[in-house]
Amino acid sequence: MPKPPAFADVLAARDLLSGYLPATPMWSYPLLDAVAGTTVHVKHENAQPVGAFKVRGGLTLLSGLTPAQRARGLVTYSTGNHAQSLAYACAAFGASCTVVMPETVPEAKARAASALGAEVVLHGPDMGAAQERAEQLAADGDRHLVSPGDTPALLAGVGTLYLELFEARPDLDAVVVPVGSGTGAAAACLVAAELAPDCRVIAVQSSAAPAAHDSWREGVCVRRPNRTTVEGLATGRGFTLPQHVMRSQLADFHLVSDQQIAAAQRLLAGHAHTLAEGAGAAALAAVLARPQEFTGQRVAVVCTGGNASAGDIAALGEGTARDGGVTLDGGAALREGAASDEDPTTDEGAASAPRG
Ligand SMILES: *Cc1c(COP(=O)(O)O)cnc(C)c1O
């Protein structure tokens, strides 16, 4: 396993990134707070130049490579935002970038990576297949292979988000972080340990793709069915490095259904004038699903990204029409959802049922 970054690496990443990215805002919204029954601070990584927090990691990684490594070019695999992050960073540092994406990714995410100058290879049904193809391309072309989860520089870079967050709000009781590979949540743990040791770092994943959650609960990296439509959280396996960090430092790990995530996405749109992609709304969904855990606490949720597809945005409208509008009752609807047939356990049952 690669060595986890130290706090000093996160501080160094911030120095580096100050030349590229301004700090992102963090706001709370009275209408949203009324639904949540607590003050929810929303950290706006949807305001990053590629629409997601991962760009912090990409730029940090590229700046730490040798000129020879950059000249060889990079290859990676991604469901979308890691692709854009790496493409953006490679363009900034003059390196070539190839991204293998599953054929199922939203076309807009593939096009966005390609518009940033990456060569996009669509391959296979899922991340597992995309990873194999990326490994092959890297070996054939003697290029630098980047794991989206097991790369210390990516953790150090995304850790700068949590420097900003804890410096702005040193007294938080909890910060909730959506997880795919786990780099974001692991970085939150590393920074919280230094700046806010009493703040609980809580991870959240979709119950339709619980590999990171189950890996953390079982203490060993496992594979799980990956059936979420929330592509930022879509991974079929645990990653060793972030799991190692989370194992000792993460306070808890929740699951929410894709439906609960969509409802939180609608609340952000209606109450926080924020267009989040599904993954960017998952942290809020976790807070709303457990009012007894968060009411009256100082809570931050990370809106990790805003790359909603046209289909996502259209579905937000459908939900609004179906629910009779986003109302102050949205939280209650979400909580009921948690106990109904949208229950995560039901989802998991469905996911493991044989498919005809
Ligand atoms: C990648 C991503 C995540 C998950 O982050 P990891 O570091 O892979 O756990 C969450 N939200 C968005 C928008 C993402 O792009």
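Both counts, for ligands and for their atoms, begin at 1 and track the order of listing. None of these values were measured; they are calculated from a predicted model.
- With no hydrogens or angles considered, a side-chain donor-acceptor pair links Arg200 and Gln297 at under 3.5 Å.
- With a 4.0 Å cut-off on non-hydrogen atoms, Glu277 touches ligand 1 through its side chain and not its backbone.
- Residue Glu103 places its CD atom among more than 12 non-hydrogen atoms of other residues, nucleotides or ligands, all under 6.0 Å distant.
- Under a 4.0 Å criterion applied to the non-hydrogen atoms of Gly305, ligand 1 contributes the atoms 13 (C).
- Atom CZ of Arg223 is surrounded by 12 or fewer heavy atoms from other residues, nucleotides or ligands within 6.0 Å.
- Inter-residue side-chain proximity for Val176 and His254 is flagged as unmet; no heavy-atom pair is nearer than 4.5 Å.
- Remark: minimum distance from atom 8 (O) of ligand 1 to any protein heavy atom is reached at Ser181 OG, 2.7 Å.
- Side chains of Asp9 and Pro152 form no contact here, defined as non-hydrogen atoms less than 4.5 Å apart.
- No side-chain donor from either of Gln136 and Glu132 sits under 3.5 Å from a side-chain acceptor of the other.
- Atom 7 (O) of ligand 1 has as its closest protein heavy atom Thr183 OG1, 2.4 Å.
- The shortest N or O to N or O distance between Gly182 and ligand 1 is under 3.5 Å.
- The ligand atoms of ligand 1 that sit less than 4.0 angstrom from a heavy atom of Val179 are 4 (C), 9 (O).
- Side-chain contact of Glu45 with Thr24: a donor-acceptor pair under 3.5 Å is present, judged by distance alone.
- Close approach of ligand 1 to Asn81 (heavy-atom distance below 4.0 Å) involves ligand atoms 13 (C), 14 (C), 15 (O).
- Among protein heavy atoms, the minimum distance from atom 12 (C) of ligand 1 is reached at Thr304 OG1, 3.3 Å.
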Inset, instruction - Please step through ring-ring contact (aromatic ring centres under 6.0 Å, His included) for the pair His123 and Tyr77, ending with a clear verdict. - result: CA-CA 10 Å; His123 180 84; Tyr77 45 100; over 10 Å; no
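- Atoms of ligand 1 found under 4.0 Å from any heavy atom of Ala279, numbered from 1 in the order shown, are 10 (C), 11 (N), 12 (C), 13 (C).
- Remark: ligand 1 atoms within the under-4.0 Å shell around heavy atoms of Gly184 are 7 (O).
- Every N/O-N/O distance between Gly232 and ligand 1 stays at or above 3.5 Å.
- Using modelled atom types, one side-chain atom of Arg298 and one backbone atom of Asp171 make a donor-acceptor pair closer than 3.5 Å.
- In this structure, atom 5 (O) of ligand 1 lies nearest to the protein heavy atom Phe53 CZ, 3.3 Å.
- Atom 15 (O) of ligand 1 has its closest protein heavy atom at Lys54 NZ, 2.6 Å.
- Against a heavy-atom cut-off of under 4.0 Å, Gly180 is close to the following atoms of ligand 1: 4 (C), 5 (O), 6 (P), 8 (O), 9 (O).
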